[in-house]
Participant: 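Dumping the structure here so I can ask a few things about it.
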Amino acid sequence: MISAKVVLITLALCTLLCSSCSRVKPWVKPYERQNIADPIMSFSRDPISDSYLSHVHDAREGAKGADGGAGGGCGCN
Amino acid sequence: MVVQEAAVVVIKRCLLRLLPVRFLIGACLALVCLPVLAAVLPDERVDVLQHQYEGGGIKVSGPSVLVRKNIGTKVSVSANYYVDMVSSASIDVLASASRYSEERKQQSVGLDYMFDRTTYSLGYTTSDENDYQSKTYNLGVSQTFFGDLTTLSFGFAFGQDVVGRNIKGMPDPSFLLDKQQRRYTFNLSQILTKNLITELSLESGTEACINMKEGETCLNNPYRSYSYVLNGARALLPEKYPLTHNTDAASLRAIYHLPYSASIRADYRSFSDSWGISASNAELRYIQDFKKDLLLEVKYRIYSQTEADFYSDLFPYKDAKNFMARDKELSPFSSTTIGVGLTYKFPWTLPGIDKSTANLYWDHMQIDYEDFRDYANFSGIKAPDAGYKLGEEPLYKLNADVIRFYISFWF
């Protein structure tokens, strides 16, 4: 059984964390992300193609991993 | 004779196997999970790709189809079917056996569930060939922060493989080895300015043989042999590998939007493992968008690595070390790759299709091995008969062309 005190403390901590996060204002405004949203800014425009090329490199080289996530880094929309 | 059978081999693990063992987990991580955009579901699309690798006497080709579809506004599912058809007469095969053909089929399914700014991912991949089976499970979570300028992702993949062996083209029921793989990934993507995105990736992996009997190892190609000096000539015996392998990799990449509908991208990766290999690679890529219907990409990539502690092109005598390998992927070498590609966006649309593209990409790799000698590939004449002294044969060089042609549809 979780006591009411624990719940209150947890809520207070969450409120503090959220309020501190909210102070970080996005320095690139949504209306400034036209270039960022351009497909040529994606680290992986076509996952099926990039996945295959990573496969070839993995086959021919001793190193592997840390190829990054699929998709872009935009955060638009 | 065992050694010769093994040779057919070399490629088997060199191309097919090489793929599943180290690539399978990475493939599913890349294809079915961990989208960097946590605040939106991935695009709904269908990709149909034909791939071809040709070089060093090896030709690998086949199709790959990827379908991704949303269910409602919070769930995205994907499926991938991939085939490698291998025809090989590589340097390894020429050393002690004849060419062979083989096929590997891989299927993947994935599910992404988006809740607010968090995306949870699950995936499953299976790969089958006549002497190697693999199953991989993966999960991940991705979260965006600070107005979607920052994306943080974690992933975990677990693989269970069964390594087999063929004798005279038939599976050897007495040779079935269990292997497990685990991979942990961390990815941080950051929008720094309205024209610059950066990404940091960290990955640690481990692979281990399970329930091995005395003298068994599962991490090597069961057909490949190490080479040692016997009576002034090369003799071959099956390789001996450690039972575990741990890897660590870190990469940093950035992409910058240029003022004239173009971007330039830089990648760097550093790698090390418990076998003594240290490697790094760097890549520069330029993308030009012509009037939104034609896209050109050119790139240049360099790679280099040191050798594994137990690698040697020619050991001085039999059983010279506890572990012995003559896998050119464990040898010291450097390589360069140039690539060029075009993406054409069709001006018309089909019913239910928002956008469609045709894509053709070509990469040319040149690998210069520093301690892997070509002692068998002289039009069928072994090195001693061609006038080369033992251990002084020409160093091997490999040139390969990689072609990707695919059509993509967004709906």
Side-chain angles (χ1 to χ4, degrees), chain A residues 2 7 10-77, chain B residues 15 18-19 22-23 26-27 30-31 34-37 39-40 42 47 49 51 53 64 66 144 146-149 151 153 187 189 191 193-195 197 199 201-203 205 247 249-251 253 255 257 263 269 271 277 279 281 287 289 295 303 305 329-330 359 361 363 365 367 402 404 406 408:
Chain A
I2 302 174
V7 172
T10 304
L11 284 174
L13 285 174
C14 288
T15 305
L16 281 173
L17 284 173
C18 291
S19 62
S20 62
C21 287
S22 68
R23 291 194 194 112
V24 180
K25 301 293 185 187
W27 55 93
V28 180
K29 307 298 182 188
Y31 55 82
E32 295 178 316
R33 300 182 190 178
Q34 180 182 355
N35 288 347
I36 292 293
D38 194 323
I40 63 174
M41 290 293 285
S42 171
F43 285 111
S44 180
R45 292 192 307 279
D46 302 312
I48 191 173
S49 175
D50 294 331
S51 177
Y52 169 70
L53 198 59
S54 293
H55 167 53
V56 171
H57 289 149
D58 284 354
R60 289 274 70 91
E61 298 170 350
K64 59 182 174 180
D67 294 322
C74 179
C76 310
N77 302 324
Chain B
L15 273 191
L18 74 173
L19 309 186
R22 47 173 51 189
F23 163 70
L31 277 176
L34 295 180
V36 170
L37 295 178
V40 293
D47 299 271
L49 177 144
H51 59 83
Y53 169 97
S64 179
L66 176 64
T144 63
F146 310 134
D148 292 339
L149 295 182
T151 304
S153 305
N187 204 73
S189 177
I191 295 174
T193 73
K194 59 184 180 181
N195 289 313
I197 308 174
E199 189 171 76
S201 297
L202 305 174
E203 182 168 326
T247 63
S251 67
R253 55 186 69 86
I255 188 164
H257 196 284
S263 69
R269 179 178 67 174
F271 169 90
I277 293 177
N281 60 272
I287 305 169
D289 193 355
L295 189 148
Y303 173 90
Q305 72 172 53
E329 275 72 54
L330 301 186
N359 310 266
Y361 286 77
D363 290 79
M365 307 170 65
I367 305 178
V402 183
R404 294 164 283 164
Y406 55 101
S408 302

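Proteins get letters first, then strands, A, B, ... in listed order; numbering begins at 1 in each. Values below: all heavy atoms of this structure, side chains included; hydrogens, waters and symmetry mates excluded.
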Participant: By a 4.5 Å heavy-atom criterion (distance strictly below it), what part of B:N359 contacts chain A: side chain, backbone, both, or neither?
Facilitator: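 B:N359 touches chain A through side-chain heavy atoms alone.
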Participant: Counting heavy-atom pairs closer than 4.5 Å to chain A, which one of B:N195, B:D289, B:N281 comes out on top?
Facilitator: B:N195
Participant: If you round to the nearest 0.5 Å, how far is CZ of A:R60 from OH of B:Y303?
Facilitator: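 So the OH of B:Y303 and the CZ of A:R60 are separated by 11.5 Å.
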Participant: Quick one, A:R33 and B:L149 - any side-chain contact, counting heavy atoms below 4.5 Å?
Facilitator: yes
Participant: Is chain A contacted by the side chain of B:T247, its backbone, both, or neither, given a heavy-atom distance below 4.5 Å?
Facilitator: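 Side chain only.
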Participant: By a 4.5 Å heavy-atom criterion (distance strictly below it), what part of B:A279 contacts chain A: side chain, backbone, both, or neither?
Facilitator: side chain
Participant: Taking the basic N atoms (NZ, or NE/NH1/NH2) and the acidic carboxylate oxygens, is any pair closer than 4.0 Å for A:D50 and A:R45?
Facilitator: no
Participant: For the candidates B:T193, B:I277, B:L202, which exhibits the highest count of non-hydrogen atom pairs separated by less than 4.5 Å from chain A?
Facilitator: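 Heavy-atom pairs under 4.5 Å are most numerous for B:T193.
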Participant: Measuring heavy-atom distances to chain A, does B:I255 have an atom under 4.5 Å in its side chain, in its backbone, in both, or in neither?
Facilitator: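 It is both, since atoms from each part get that close.
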Participant: Can you sort out the partners of B:F271 under ring pair (Phe, Tyr, Trp, His ring centres under 6.0 Å), two or more places apart, ordered by chain and number?
Facilitator: none
Participant: Within a strict 4.5 Å, meaning less than it, do heavy atoms of the B:H257 and A:I40 side chains meet?
Facilitator: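 Sidechains of A:I40 and B:H257: in contact.
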